[in-house]
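Note sheet for the following structure.
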There are 2 protein chains.
Amino acid sequence: MERRNTIQRSLVAAAVQKLDHPDAEQVYAEVVREHPHISKATVYRNLNLLAEEGAIGKVHLSEGADRFDCRTGKHYHLRCRVCGRLFDAKMPPLDAPERLLGGTDGFSVEDHTLEFIGVCADCQK
Amino acid sequence: MERRNTIQRSLVAAAVQKLDHPDAEQVYAEVVREHPHISKATVYRNLNLLAEEGAIGKVHLSEGADRFDCRTGKHYHLRCRVCGRLFDAKMPPLDAPERLLGGTDGFSVEDHTLEFIGVCADCQK
DNA sequence: ACCTTATTGAAAACAATTATCAATTAATAT
DNA sequence: ATATTAATTGATAATTGTTTTCAATAAGGT
């Protein structure tokens, strides 16, 4: 199952770089301009492949479609509940917040997600 | 639009009390035993109504269907990635974690979600 | 050029949820 | 009790976001 370099794959990767936290639909819209025959399934497939191999990040939110992120290091997001835009939080990842979990009966914490919800500067006007 | 007391609504509420963080499907399965003619749409509608009025909690996770919670106060959850079960975190809600967000360009934070992912005691065996 | 196999495109399948709408029913007034 | 009326229901269709299927295509090595 060695990976091959397809033009579709690099177009998808480039679109994630170019766009700001796009969802799959937006990536498709961007790629289809250069490559009008690409299938939506190919976009989804490649987004997932790229995310699996760590080339991009996949962000699951408390509302709406998944977003994709060219920043790959662990970081949190702020989601504007008005326009839906995502912003990178300028905040270091919490250091082992599971230590705050007093006595969780042998549950072994491997990861956590943290999402901030609010209204962005533009939408406050 | 004043709310009425229907038997369906109270059965849905009772099922959420009885079950442990069920999803809509599980609530339906429970209610349909007593009330075989209930529609799935009615279950979804009432879960959302109850959540809106604060009688139950609705939990959106990073995977799978939404869960419902008879505990209504703000608290976090641990999700077992093996069996999917949800556990209440014995941890006080973070106090204004948005203070850790240095300079977020006028974004006003109203809320946040925090979810722990790992493996529960049972699934570690 | 040839072979093997990953990848593609198109469409269907899928999962979770919401919308539609005529029929029913709870709460209120009569 | 009875009529009124608007919320609610049940059944189904529609939606949204995503994955699966599968025959056809194309990469990359030999």
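Computed over heavy atoms, backbone and side chain alike; hydrogens, waters and symmetry mates excluded. The chains referred to below are lettered A, B, ... by the order of the sequence lines, with proteins before strands, and numbering in each begins at 1.
Rounded to whole Å, atom C1' of C:dT25 lies 12 Å from atom CZ of B:Arg9.
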Inset, instruction - Report the C-alpha distance between B:Val27 and B:Asp23 in whole Å, list the side-chain angles of each, state the deciding distance to 0.1 Å, and finish with yes or no for side-chain contact (heavy atoms from CB on, under 4.5 Å). - result: CA-CA 6 Å; B:Val27 171; B:Asp23 62 20; over 6 Å; no

Inset, instruction - I would like to know whether B:Leu86 and B:Leu78 meet side-chain contact (heavy atoms from CB on, under 4.5 Å); could you show each step before the answer? - result: CA-CA 6 Å; B:Leu86 261 205; B:Leu78 300 94; over 6 Å; no

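A:Val119 forms part of a hydrophobic cluster together with A:Val82, judged by ILVMFWY side-chain heavy-atom separations under 4.5 Å.
Among the atoms of the strands shown, only primed sugar atoms or phosphate atoms (P, OP1, OP2) are found under 4.0 Å from some heavy atom of B:Ala65.
Residues satisfying the salt bridge (charged side-chain N to carboxylate O under 4.0 Å, His left out) criterion with A:Arg67, sequence neighbours excluded, are absent altogether. Partners of B:Gln124 under the side chain to side chain donor-acceptor pair (under 3.5 Å) rule, at least two apart in sequence or in another chain, do not exist in this structure.
Note on B:Gln8: every side-chain N or O is 4.0 Å or more away from OP1 and OP2 of C:dT25.
Within residues 42-61 of chain A, the residues that place at least one heavy atom under 4.0 Å from DNA chain D are, in residue-number order, A:Tyr44, A:Arg45, A:Asn48. Heavy-atom distances under 4.0 Å link DNA chain D to B:His35, B:His37, B:Ile38, B:Ser39 of residues 20-40 of chain B, given in residue order.
By the rule that hydrophobic residues join a cluster once side-chain heavy atoms approach within less than 4.5 Å of another member, B:Leu50 and B:Tyr44 end up as members of separate clusters. Note: the hydrophobic cluster containing A:Val109 also contains B:Phe87 (ILVMFWY, side chain heavy atoms under 4.5 Å, direct or indirect links).
The ring of A:His37 has its center no closer than 6.0 angstrom to the ring center of A:His35.
Using a 4.0 Å cut-off between a side-chain N of Lys or Arg and a carboxylate O of Asp or Glu, A:Lys40 and A:Glu25 qualify as a salt bridge.
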Inset, instruction - Do nucleotides 25-30 of chain D as a string where each nucleotide becomes B, S or -: B if the base has a protein heavy atom under 4.0 Å, S if just the sugar-phosphate does, - if no protein is that close. - result: -BBS--

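Residue B:Lys74 places its NZ atom among more than 12 non-hydrogen atoms of other residues, nucleotides or ligands, all under 6.0 Å distant.
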